[in-house]
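To start, the structure under review is shown below, and the notes come after it.
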Amino acid sequence: MTSPGQDDAAQAERGSGAEAEGERYDPRELERRWQLIWEAEGTWEVSNPGAPEFDASKPKNYVLEMLPYPSGEPHVGHLKTYSVGDAIAHFRRRRGFNVVHPMGYDAFGLPAENNAIKTGEHPREATEKSIAVFREQFKRWGISLDWTRELGTHEPAYYRWTQWIFLKLFEKGLAYREEAPVQWCPVDATVLANEQVIDGHCERCGSLVEQRRLEQWFFRITDYADRLLADFDLLESWPENVITMQRNWIGRSEGAEVVFRQDDLDLGFTVFTTRPDTLFGATFFVMAPEHPDVLRLAEGTEHEQAVRDYVNEAARTSTEDRASEERQKTGVPLGREVTNPVNGERIPMFVADYVLMEYGTGAIMAVPAHDQRDFEFAKAFELPVRYVVVPAAIYDGAGGDPAKAAETAREAAEGAAFVEHSDDERLIDSGEFDGLNSPEAIERITAWLGERDLGEAAVNYRLRDWLVSRQRYWGAPIPIVYCDQCGIVPVPTDQLPVLLPEIEDYAPSGRSPLAAAEDWVSTECPNCGGSARRETDTMDTFVDSSWYFLRYLDPRNDEQAWGRDAVEYWMPVDQYIGGVEHAILHLMYARFFCKALSDIGVLDAQEPFTNLFAQGMITRDGAKMSKSKGNTVSPAEIVDRVGADAARTYICFMGPPVKGGDWNDQGVEGVHHFLARLWRLSREVDERTEPGAGPGGAPEHGPARDLLAKAHWAIDKVTRDIEPRFQFNTAIAAVMELVNEIYRLKDELYGDPAGDAAVRFATCTAASLIFPFAPHLGSDVYELLNGERVWEQPWPEADPGLLASDTFPLVVQVNGKLRDRVEAGSGASEQELLELARASDRVRAHIDGKQVVKEIVVPGKLVNLVVR
RNA sequence: GCCGGAGUGCUCAAACUGGUAAAGAGGAUCGACUCAAAAUCGAUUGUCCUUCGGGACUUGUGGGUUCGACUCCCACCUCCGGCACCA
């Protein structure tokens, strides 16, 4: 079937009646032909403001898909991303926009480097081989890209500017070097950003990460936490779940910082709490095992050894085990006490691993009555549980008796913490704050603390600064030099790029492979000229992809990262398309970059992507595709077999692109079948009808009118489905319906001038409408029947006169049940519709002998008679 | 546990603002063409009952609002995604 023998092909041609001799739908040849034309003519190239060919009369539109990481060959996910993006790009071009649609490669990264360790092949060579495969595939898919803007993030001409941005951030104090506890992946032998650790495992390779204390480079993304949250308002259309994911990741919480005095060491320990209203319920105090003061506190107490053991044990326990749900709370007393600032009460201190050093201050006040975790700890260590906030009903019921209220609350809580938090609760056992509701109490207690310098209102974030150092080879070198005299010295921008040196051994050793390139490492201090050493870490590859959309706009600029005019004209990206797996990492980093670069004054775009489309994942046999499962689908193979048009159209047809879908080989065949059907139809129409005989006014009635009406219905439907709905599946179904209708009516229309014109018009329209999904076939059919290039034609507009018809099928219901459909005039009055409805025999059978108690008329739609 | 999203024929799905449930595709069955098969063109295809005119039922389950509910409300079940000792 896929590669027919000669006999089969010959017989198929003979058997194909009216079709031209010796021809059949051959996507390979047809697609090649159009690709050569587009390539030779640079059809999808678009120039920047200032260029002679630049067309200033059109509004701009930046359509962008997430750039691929080039490894092996593109997979079905890529096919989907670029099929969806290309449909949008085509549609908008024909709607009169000046569309830029570029492509590049996220070319630095670990897979190529790991391959180098295994085979000795330079990562650059492996990467460029993959890039060649990707480029060749994208061309075979017929994606309408401006290839003059192509870039790879591994090219010195690109990473030179990545380094430049690093230096700009450094200058502004947004890039800094600091020793901190960091996450280390033992398999990839590098540190990772928080975002790249999932449940204590390396996001890339899945191995368990370790904590280490290292000096590393960070970007100060936490400075932007509030703006990253607030500027969601600047976005036009982002999926709600992506916004929610980022919001959760940033994890802003409001509360207070409260200082607890420790007299023995004469220290104050600050804690962060979101519930200052529960301060009077704090019955103990807990510190994280990593807290720097823990050992000092335990020193000299009877618990010293136990604390030491506990801290060591905690260090050995993986983050994953520590976070495990069903684990019992563990901890050790410190043998010290702190003073609760609101009531002067001295409460015992503990060290326990349920308190995390990474969040807040690494120490907490424990309020077991109102926090589930503290409650569990209190149970295990038999510590007092004091209820200080109770529901208003209990408070009122106790008639102002705090002991009674607390007792009732304890019973109501049934052995758990009471954690509600509304203005329908009252404070008890809280001194002068008794009786206040909880939001009010938060305000008053925070103010009370502030007046006495014991605390203040505070905001805390889950978000950490972005750790960008990587102890690996295949990335952009961090452009910094360490001088014995001058310390940390940035490489002057006129000395960029700091080129990645050639090395022999890529194997990770715990320090960057670059450290072995002695000639490269030892250098002159740009400041004092003395001997200095280069930074040997490279940058996280997410840095590369945080600004590539800017470089596309001015990709060959040797003077600057981008020209202001180009970026001002094209930015922001009007439609960004990609997988939801980048919801946090890439999308948040790119947002941060735009804000930081705008603050630095080199950009004027607070948000990079105004509209985001997150496509669903394609599965196979219900499972995520993976090489290990052996359930992958190779786009190259599909394209070889049925053509790029069929592959692309099928992917858009399998369901709404936002949703995922299960790959089905028979489904692709079905779409291929449809495209072949349209192709055959076009050859027949070309033989049987004359070109140029335009409709010249549609006939009032009859099949020619019906067919024209169907064509205009399809125009309307496809247009509305593509934008703003991105419901490509129903758009394609509408074109299928149109083609089916042509097949149904063509034989009775041939020969009649109005009929011929209608068939030709309808077939051209089908080609025009399928073009965003199947650009090769769309171009081919359109050219055959019309002589024109479809991409140069404006997107068709539905004629309202043909969308409306003078009659419609009136639905008649009795008691809400469908009983008949009768032909009614579009202009008929309610009275006339009712009469028509009652005139129906089938309706009469259901209303005779009964009383009509209500008549509902929806003009243009239905009549419902309610009988008793 | 918390926050999202989704449950519709044999399968993928459609139904946009509360108004004909199942468009389109796949699969299956039948017919035309053929010596035959493939390809192609066409017909049928939610379930049950039927005196063949029709009738009853049907969108995860149970209830509600309405002349009318896949659509709105309440409760529950299942699946998918995200977050999760975040103080």
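Just so it is clear: chains get the letters A, B, ... in the order the sequence lines come, proteins before strands, and each one is counted from 1.
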- Anything under 30° is parallel, anything over 60° is perpendicular, the rest tilted; go ahead and classify A:Phe726 against A:Phe613. perpendicular
- Message: Using a strict heavy-atom distance below 4.0 Å, which residues from residues 718-727 of chain A are in contact with RNA chain B?
- Response: A:Arg720, A:Arg725, A:Gln727
- Query: So does A:Arg247 get a side-chain nitrogen or oxygen closer than 4.0 Å to the phosphate oxygens (OP1/OP2) of B:C83?
  - Reply: no
- Classify the nucleic acid contact of A:Val858 as base, sugar-phosphate or nothing, counting any heavy atom under 4.0 Å across all strands shown. base
- Check the pair A:Ile770 / A:Val718 against side chain to side chain contact (heavy atoms under 4.5 Å, CB included), numbers first and verdict last. CA-CA 9 Å; A:Ile770 206 67; A:Val718 172; over 6 Å; no
- Task: Indicate, with a heavy-atom threshold strictly under 4.0 Å, whether A:Asn740 touches base, sugar-phosphate, or nothing.
- Result: sugar-phosphate
- Among B:G24, B:A14, B:C67, which nucleotide sits nearest the side chain of A:Met736? B:G24
- Message: I'd like the P distance from B:A69 over to B:A22, given in whole Å.
- Response: 16 Å
- Item | B:G1 to B:C70 separation - C1' atoms, rounded to the nearest Å | 31 Å
- Task: Answer yes when A:Glu376 and A:Lys379 have at least one side-chain N-carboxylate O distance shorter than 4.0 Å, and no when they do not.
- Result: no
- Specify whether A:Phe269 and A:Phe285 have parallel, tilted or perpendicular ring planes, treating 30° as the upper limit for parallel and 60° as the lower limit for perpendicular. tilted
- For A:His370, answer base if it contacts any base atom (sugar-phosphate contacts may also be present), sugar-phosphate if it contacts only those atoms, and nothing otherwise; contact means non-hydrogen atoms under 4.0 Å. nothing
- Note on the structure: Here the distance between atom P of B:C86 and atom OH of A:Tyr461, to the nearest Å, is 19 Å
- Message: Going by purine N1 to pyrimidine N3 plus the second Watson-Crick contact, or the G-U wobble pair, all under 3.5 Å, which nucleotide sits opposite B:U78?
- Response: B:A6
- From the options B:A21, B:G19, B:C86, select the nucleotide whose nearest atom is closest to the side chain of A:Leu862. B:G19
- Message: Measuring only the C1' atom in each nucleotide, how far is B:U59 from B:A36? A whole number of Å is fine.
- Response: 45 Å
- Item | C1' atoms of B:A43 and B:U51, separation to the nearest Å | 27 Å
- Task: Salt-bridge test for A:Lys329 and A:Asp374: reply yes if a basic N is under 4.0 Å from a carboxylate O, no otherwise.
- Result: no
- Look at A:Arg677 and B:A39 and indicate whether a side-chain polar atom (N or O) is within less than 4.0 Å of OP1 or OP2. no
- Pick base, sugar-phosphate or nothing for A:Asn460, based on heavy-atom distances below 4.0 Å to the nucleic acid. nothing
- Note on the structure: chi for B:G53 classified (syn = within 90 degrees of 0, anti otherwise) as syn
- Separation between the C1' atoms of B:A28 and B:U11, rounded to whole Å: 11 Å
- To the nearest 0.5 angstrom, please state how far the CZ atom of A:Arg648 sits from the CD1 atom of A:Ile638. 15.0 Å
- Would you classify A:Asn864 as touching base, sugar-phosphate or nothing, given that sugar-phosphate means primed atoms plus P, OP1 and OP2, and contacts are heavy atoms under 4.0 Å? base
- Task: Output the single nucleotide from B:G82, B:U40, B:C3 whose closest atom is nearest the side chain of A:Met245.
- Result: B:G82
- Check the distance between B:A15's P and A:Lys717's NZ and give it to me in whole angstrom. 6 Å
- Regarding the side chain of A:Arg373, the nearest nucleotide among B:A87, B:A21, B:C41 is B:A87
- If we call it a pair only when both distances are under 3.5 Å in a Watson-Crick or G-U wobble match, what pairs with B:A84? none
- Message: Nearest whole Å is fine: how far is B:U40 C1' from A:Trp679 CH2?
- Response: 13 Å
- Chi class for B:G31: syn within 90° of 0, otherwise anti: anti
- Item | Watson-Crick or G-U wobble mate for B:A21, both contacts under 3.5 Å | none
- Phosphate-side-chain proximity, A:His673 and B:A39, N/O vs OP1/OP2 below 4.0 Å: no
- Rounded to the nearest 0.5 Å, how far apart are CZ of A:Arg386 and OG1 of A:Thr283? 7.0 Å
- Item | Any-strand Watson-Crick or G-U partner of B:A36, both distances under 3.5 Å | none
- Euclidean distance, atom CD1 of residue A:Ile198 to atom P of B:C83 [Å, nearest integer]: 7 Å
- Task: Output the single nucleotide from B:C41, B:A14, B:C67 whose closest atom is nearest the side chain of A:Val866.
- Result: B:C67
- Task: Report the nucleotide, chosen from B:A23, B:U40, B:A87, that has the shortest atom-to-atom distance to any side-chain atom of A:Glu737.
- Result: B:A23
- Task: Taking atom C1' in both B:A37 and B:U47, compute the distance separating them and give it to the nearest angstrom.
- Result: 36 Å
- Item | Short side-chain to backbone donor-acceptor contact, A:Asp721 and A:Phe728, under 3.5 Å | no
- Watson-Crick or G-U wobble mate for B:U44, both contacts under 3.5 Å: B:A28
- Kindly point out which of B:G19, B:G26, B:A84 is positioned nearest to the side chain of A:Lys861? B:G19
- In terms of the nearest nucleotide of RNA chain B, which residue is placed more toward the 5' end: A:Ile364 or A:Trp249? A:Trp249
- Message: Going by purine N1 to pyrimidine N3 plus the second Watson-Crick contact, or the G-U wobble pair, all under 3.5 Å, which nucleotide sits opposite B:C52?
- Response: none
- Item | A:Lys746 bridged to A:Glu684 by N-O distance under 4.0 Å | yes
- Residue whose nearest RNA chain B nucleotide is more 5′ - A:Arg842 or A:Ile584: A:Arg842
- Query: A:Tyr25 vs A:Trp679 aromatic rings, parallel, tilted or perpendicular, using cut-offs 30° and 60°?
  - Reply: tilted
- Task: Look at all strands and tell whether A:Gly670 reaches a base, only sugar-phosphate, or nothing, counting heavy atoms closer than 4.0 Å.
- Result: sugar-phosphate
- Query: Within the structure shown, what part of the strands sits under 4.0 Å from A:Phe674 by heavy-atom distance: base, sugar-phosphate, or nothing?
  - Reply: nothing
- Please determine if a side-chain N or O atom of A:Asn729 lies less than 4.0 Å away from the OP1 or OP2 oxygen of B:C12. no
- Query: Distance between the P atoms of B:G82 and B:C73, in whole angstroms?
  - Reply: 27 Å
- Query: Are side-chain heavy atoms of A:Glu855 and A:Val863 found at a separation under 4.5 Å?
  - Reply: no
- Query: Counting only side-chain N and O atoms of A:Lys659, is one of them less than 4.0 Å from OP1 or OP2 of B:C80?
  - Reply: no
- Task: Output the single nucleotide from B:A14, B:C16, B:A25 whose closest atom is nearest the side chain of A:Phe653.
- Result: B:A25
- Item | Nucleotide forming a Watson-Crick or wobble pair with B:C72, both distances under 3.5 Å | B:G64
- Given atom CE of A:Met365 and atom P of B:C86, what is their separation to the nearest angstrom? 14 Å
- Task: Look at the side chain of A:Ile856 and decide which nucleotide, out of B:C67, B:U40, B:A87, has an atom nearest to it.
- Result: B:C67
- Contact class for A:Val355 (heavy atom, under 4.0 Å): base, sugar-phosphate, or nothing? base
- When all nucleic acid strands are considered with a 4.0 Å heavy-atom cut-off, which category describes A:Arg819: base, sugar-phosphate, or nothing? sugar-phosphate
- Item | A:Arg680 side-chain proximity, nearest of B:A56, B:C86, B:C41 | B:C41
- Message: Are A:Arg683 and A:Arg24 packed together at the side-chain level, in the sense that at least one heavy-atom pair is separated by less than 4.5 angstrom?
- Response: no
- Message: Distance check, P atoms only: B:C52 and B:C67, in whole angstrom units.
- Response: 38 Å
- Sugar-phosphate only, base, or nothing, as touched by A:Lys746 at under 4.0 Å among non-hydrogen atoms: nothing
